[in-house]
Number of protein chains: 2
Amino acid sequence: MRLTTKGRYAVTAMLDLAIHGDAGPVSLADVSSRQDISLSYLEQLFAKLRRNTLVSSVRGPGGGYRLSRPLQQIFIAEIVDAVNESVDATVCGGSTDCQQGEICLTHHLWCDLSDQIHDFLSSISLYSLVERGEVKRISARQDEREHDHGDLSLREVTH
Amino acid sequence: MRLTTKGRYAVTAMLDLAIHGDAGPVSLADVSSRQDISLSYLEQLFAKLRRNTLVSSVRGPGGGYRLSRPLQQIFIAEIVDAVNESVDATVCGGSTDCQQGEICLTHHLWCDLSDQIHDFLSSISLYSLVERGEVKRISARQDEREHDHGDLSLREVTH
DNA sequence: TATTTAACCAAGTAAAACAGTGGGAAATGG
DNA sequence: CCATTTCCCACTGTTTTACTTGGTTAAATA
């Protein structure tokens, strides 16, 4: 079972797109500075997200990434699945050959757990996250900070 | 969030104790051969399980480990917690300082997920696992294999 | 009492994954 | 043409995992 910073970063970045994507594509440089995630690392994650058709890209100035589906139709489980291999808790990946070609003692337990986690993360869409009070508050704080620093995309700074 | 072979091994080994512990303490050599887990690795895991008072040990010939509580009172979450640091899915460990001293965008999401997983694993006792049909079947198969090999503890072999 | 059995303990190690860096393409808008 | 931004690839330090090696100590038994 894998659920590390990688998956967290991916979800955080996708949520950032969901929040700031109204005015057109969002550049990874913006996401990087708002969410404190290394730009090159983001690029690697978004390569996977793009391969899984969760985002589409626009190259060149003013370009960036946009979500390829409405917020209501993008679920956290998909995002985590896209960057990790899976959220499977079993050794065998569900193929029941965990102990020398045969099923191991706790196989079903880990299957049940995997289902549990997957169902939970599949029940949460980007939309439901954006609508949360705390997310709105935290996002507002991040936008404040961004203004203070003033080191973001030129779109907002230059005349 | 950590949930790897380490935790799986620990649960499998504890379940082995639960199944074979009626006739006295179970040696790690037996567990190792039945469950295909390295003996020395098991020793390391059981050191942690003992520190967390999930098992007690008996040294010397005929010794081994026994569960320090009834099956109904030992839950999977405790076992996983004992060998890993925790099953926490957040970066900050719940202390809300994930982004430069402040809370990050997805903090609550990972908290919810951690709760979800913990509640699930806390709802399953060793007893409920032992009572499962598949566990009984798989355990029976393992005992068969053990007989075929005949390379287990002397307790069962010598007159 | 010597021997065997087993828990206990410490250190090291190969492989993998994680998190991130750096350099340089190619596309695109002004 | 030039700045921006995606895209792509290779490399690196650190941590964790899973496991090995080589012991010591406690207790039962012959």
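A, B, ... follow the sequence lines: proteins, then strands. Residue 1 opens every chain. Treat the numbers as computed from the prediction; the structure is a model and nothing was measured. All values below were derived from every heavy atom in this structure, side-chain atoms included, with hydrogens, water molecules and symmetry-related copies excluded.
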dist A:I76:CD1 -> B:L109:CG (nearest 0.5 Å) comes out at 5.5 Å

Atom CG of B:L39 and atom C1' of C:dC9: how far apart are they, to the nearest Å?
13 Å

Pairs under 3.5 angstrom only: tabulate donor-acceptor contacts from the side chains of residues 121-130 of chain B to other protein residues two or more places apart or in another chain.
residue	atom	partner	partner atom	Å
B:S122	OG	B:H118	O	2.8
B:S122	OG	B:H118	ND1	3.4
B:S123	OG	B:F120	O	2.7
B:S125	OG	B:Y127	N	3.4
B:S125	OG	B:S128	N	3.1
B:S128	OG	B:S125	N	3.2
B:S128	OG	B:S125	O	2.8

Which residues share a side chain to side chain donor-acceptor pair (under 3.5 Å) with A:R137, sequence neighbours left out
none

What integer distance in Å separates A:Q35:CD from C:dA19:C1'?
17 Å

Only pairs at least two apart or in different chains count here, so list each salt bridge (Lys or Arg N to Asp or Glu O under 4.0 Å) that has a residue in residues 118-129 of chain A.
none

For A:R50 and D:dC8, is the shortest distance between a side-chain N/O and OP1 or OP2 below 4.0 Å?
yes

What contact category does A:Y65 fall into here, base, sugar-phosphate, or nothing, at under 4.0 angstrom with non-hydrogen atoms?
sugar-phosphate

Using atom CG of B:L49 as one end and atom P of C:dC8 as the other, report the distance to the nearest whole Å.
11 Å

Distance, rounded to the nearest Å, where B:K48 contributes NZ and C:dC9 contributes C1'
14 Å

Residue B:S57, side-chain heavy atoms: nucleotide from D:dA18, C:dA19, C:dC8 that is nearest:
C:dC8

Using a cut-off of 4.0 Å between protein heavy atoms and nucleotide atoms, how would you tag nucleotides 23-30 of chain C 5' to 3' with B, S and -?
---BBBS-

Under 4.0 Å, heavy atoms only, any strand: does B:Y9 hit a base, just the sugar-phosphate, or nothing?
sugar-phosphate

Could you tell me how far apart B:L42 (CG) and C:dA6 (C1') are, to the nearest whole angstrom?
14 Å

Atom pair CG (A:L49) and CE (A:M14), whose distance is rounded to the nearest 0.5 Å:
5.5 Å

Residue pairs fulfilling side chain to side chain donor-acceptor pair (under 3.5 Å) with at least one residue in residues 50-66 of chain B, sequence neighbours excluded
none

Atom-pair distance (CG on A:L28; P on D:dC7), nearest Å
8 Å

Would you mind reading off the distance between A:L17 atom CG and D:dT6 atom C1', rounded to a whole angstrom?
14 Å

Determine whether any donor atom in the side chain of B:Q44 lies under 3.5 Å from an acceptor atom in the base of D:dC19, or the reverse, and answer yes or no.
yes

Between D:dC19 atom C1' and B:F46 atom CZ, what is the distance in whole Å?
17 Å

Does OP1 or OP2 of D:dA18 have a side-chain N or O of B:T5 closer than 4.0 Å?
yes

Test of understanding: with ring-ring contact (aromatic ring centres under 6.0 Å, His included), list the residues that count as partners of B:F75, not counting sequence neighbours.
none

Is the phosphate of C:dT5 approached by B:S27 (side-chain N or O, under 4.0 Å from OP1 or OP2)?
no

Among C:dA7, D:dA18, C:dC18, which nucleotide sits nearest the side chain of B:Y41?
D:dA18

